[in-house]
Amino acid sequence: MNSTLLRTTALRSALRASAPKAATRAGLAGTTFVRGKATLPDLPYDYGALEPAISGQIMELHHSKHHNTYVTSLNNFSEQLAEAKHKEDIQAQIALQPLINFHGGGHVNHTLFWENLAPTKNGGGEPPTGKLAQAINDGYGSLDAFKEKFNAALAGVQGSGWAWLVQDTQTGNVLIKTYANQDPVVGQFRPILGIDAWEHAYYLQYQNRKAEYFKAIWDVINWKAAEKRLK
Amino acid sequence: MTSPSYSLPPLPYAYDALEPHISAQIMELHHSKHHQTYITNLNAALKTQSEAVHTADITTQVSLQQAIRFNAGGHINHSLFWQNLAPASSADAKTSAAPKLSSQIKSTWGNEEKFQKAFKAALLGIQGSGWGWLVKVETGNEQRLAIVTTKDQDPVVGKGEVPIFGVDMWEHAYYLQYLNGKAAYVENIWNVTNWKTAEERFVGTRADAFRILRASM
């Protein structure tokens, strides 16, 4: 616990330390633009803590390699975007949009995903309560019926992507939506609960039997985190 | 009311024949499970479509189009892909098996290394699942080469486009062996590229390239 806090503190200090540099550079450009770098968040549990639903090897690669690459690439392209803005190069700014969407989406999606999971000893798999339980029952009849619909949505992803339980910010209703590749849940919808349907999320353990992964992951879903996101 | 039914084309080599560049475990799952699933789902969608045509059910026909595109694409892409690979020790895996194609690659990209570099960049730039292809584009009497990437299982089936060789960039194509190191997979696949097939597709017609599909009906 202490080491986590220390690391977090160190990280924040590093962010603060890098901020003046960015400010100076932006200051030279005649703007007041200040930007921090995205960083890989620590997992709130050990790599092996979600076994047997998700293997420790998958979690380690997924977090320390895949997520980290999105973070590194996002920082790289954000830097280029800042440069393009500074030069007022509109074409370059437009060309960078899909890269920001992809790598920024990858960072956002995975950050939310880690919070959506919990070891069973820490409440993983325990059904939702309160307002979210009510909304799911109203919309889908029961939690089991909801899981069935959600798994069908996951199975229907053609290629890489995610399925999300989202909240429509206009109506307040919850619904299941799928997103291609790393498209993040932004705009009209608020992310409540996401499941990664990229092959790297399950292949080492489940290979082509992805339906088994979709079934098993509910054992380690952190519904408490989902409840906190619902407004 | 009969609809065509496709079947899994046999691999022209053993599952372990591409080792160490592509593991036998990957080849076996990729061929016997992934490719088979596209075929199973394609046949089911075609059967439903056939019934919907028979009953003049236009809404069902339209709603099936994406499933047909995806699963037929998966069948087409993988059928072409297996033929694009050959054991590293075979004569087919040498660029000397593709004299005409090599010549046009050189005149298009300067040299083989530059071509491979451009192809690699295209493959690594794919966001999500997809394929990279070297394509012969025919316009009138002229033909040129182009590197194209496609998403998910979208096949290269456009008019005047002949797929010469493709590289599967879905994670299932390399993950068990290369994990997140997809650049190494892209580099190693040149060791098992079937240049003889590439040459045949380059000098042949579009119909020639897709002949494998008729053979597996």
Side-chain angles (χ1 to χ4, degrees), chain A residues 55 57-74 76-77 95-107 109-110 152 155-162 178-184 196-213, chain B residues 23-42 45 63-75 77-78 121 124-131 149-155 168-185:
Chain A
S55 75
Q57 190 193 8
I58 287 179
M59 288 305 295
E60 180 164 3
L61 281 163
H62 203 171
H63 177 257
S64 72
K65 302 291 182 185
H66 290 279
H67 189 170
N68 196 51
T69 300
Y70 290 117
V71 170
T72 309
S73 303
L74 171 62
N76 171 28
F77 293 121
L96 284 161
Q97 295 300 318
L99 292 159
I100 300 283
N101 180 70
F102 182 68
H103 297 284
H107 176 44
N109 287 337
H110 286 94
V157 173
Q158 296 182 335
S160 300
W162 293 72
T178 59
Y179 290 76
N181 302 322
Q182 293 298 355
D183 288 353
D196 192 345
W198 279 60
E199 291 177 319
H200 67 234
Y202 62 83
Y203 207 81
L204 291 179
Q205 188 176 357
Y206 296 95
Q207 290 91 37
N208 63 302
R209 304 178 315 276
K210 61 180 176 180
E212 291 178 23
Y213 158 69
Chain B
S23 74
Q25 189 193 10
I26 288 179
M27 289 304 295
E28 182 165 2
L29 282 163
H30 203 172
H31 178 256
S32 72
K33 302 292 182 186
H34 290 280
H35 189 170
Q36 180 61 55
T37 301
Y38 292 115
I39 292 170
T40 304
N41 292 337
L42 170 63
S63 73
L64 282 164
Q65 289 191 358
Q66 186 49 34
I68 291 173
R69 182 181 180 81
F70 181 68
N71 292 295
H75 175 46
N77 288 334
H78 288 92
L124 296 182
I126 293 170
Q127 297 179 341
S129 300
W131 292 73
T149 59
T150 55
K151 68 173 178 65
D152 305 324
Q153 292 298 356
D154 284 355
D168 191 345
M169 289 306 290
W170 280 60
E171 290 175 320
H172 66 234
Y174 60 83
Y175 206 82
L176 291 178
Q177 186 177 358
Y178 293 94
L179 307 176
N180 62 305
K182 61 182 171 180
Y185 159 69

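Basis for what follows: all heavy atoms, side chains included, without hydrogens, waters or symmetry-related copies. Proteins come first, then strands; the chains are lettered A, B, ... in the order of their sequence lines, and each starts at number 1.
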Side-chain heavy-atom pair B:Gln66, A:Gln158 within 4.5 angstrom cut-off: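 Yes, side chains in contact.
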Structural part of A:Leu204 lying under 4.5 Å from a heavy atom of chain B: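 Its backbone and side chain both get close to chain B.
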Leading residue by heavy atom contact count with chain A [cutoff under 4.5 Å; candidates B:Gln25, B:Lys151, B:His30, B:Lys33]: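 Most pairs with chain A among the choices: B:Lys33.
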Residue selection (most heavy-atom pairs with chain A, distance under 4.5 Å) from B:His34, B:Gln153, B:Glu171: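 Top count of heavy-atom pairs under 4.5 Å with chain A: B:Glu171.
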[atom1] of [X] to [atom2] of [Y]: how many Å apart, nearest 0.5 Å?
X        : Y        : atom1 : atom2 : answer
A:Asn181 : B:Ile126 : CG    : CD1   : 10.5 Å
B:Lys182 : A:Thr69  : NZ    : OG1   : 9.0 Å
B:Leu179 : A:Glu60  : CG    : CD    : 11.0 Å

Among A:Gln182, A:Gln207, A:His103, residue most engaged with chain B (heavy-atom pairs, under 4.5 Å):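 Between A:Gln182, A:Gln207, A:His103, the count favours A:Gln207.
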Geometric class of the A:His66/B:Tyr175 ring pair [parallel <30°, tilted 30-60°, perpendicular >60°]: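 Parallel.
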Heavy-atom closest pair, residues B:Ser129 and A:Ser160: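 It is OG-OG, 2.6 Å.
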Short side-chain to backbone donor-acceptor contact, B:Gln127 and A:Phe102, under 3.5 Å: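 No; zero donor-acceptor contacts below 3.5 Å.
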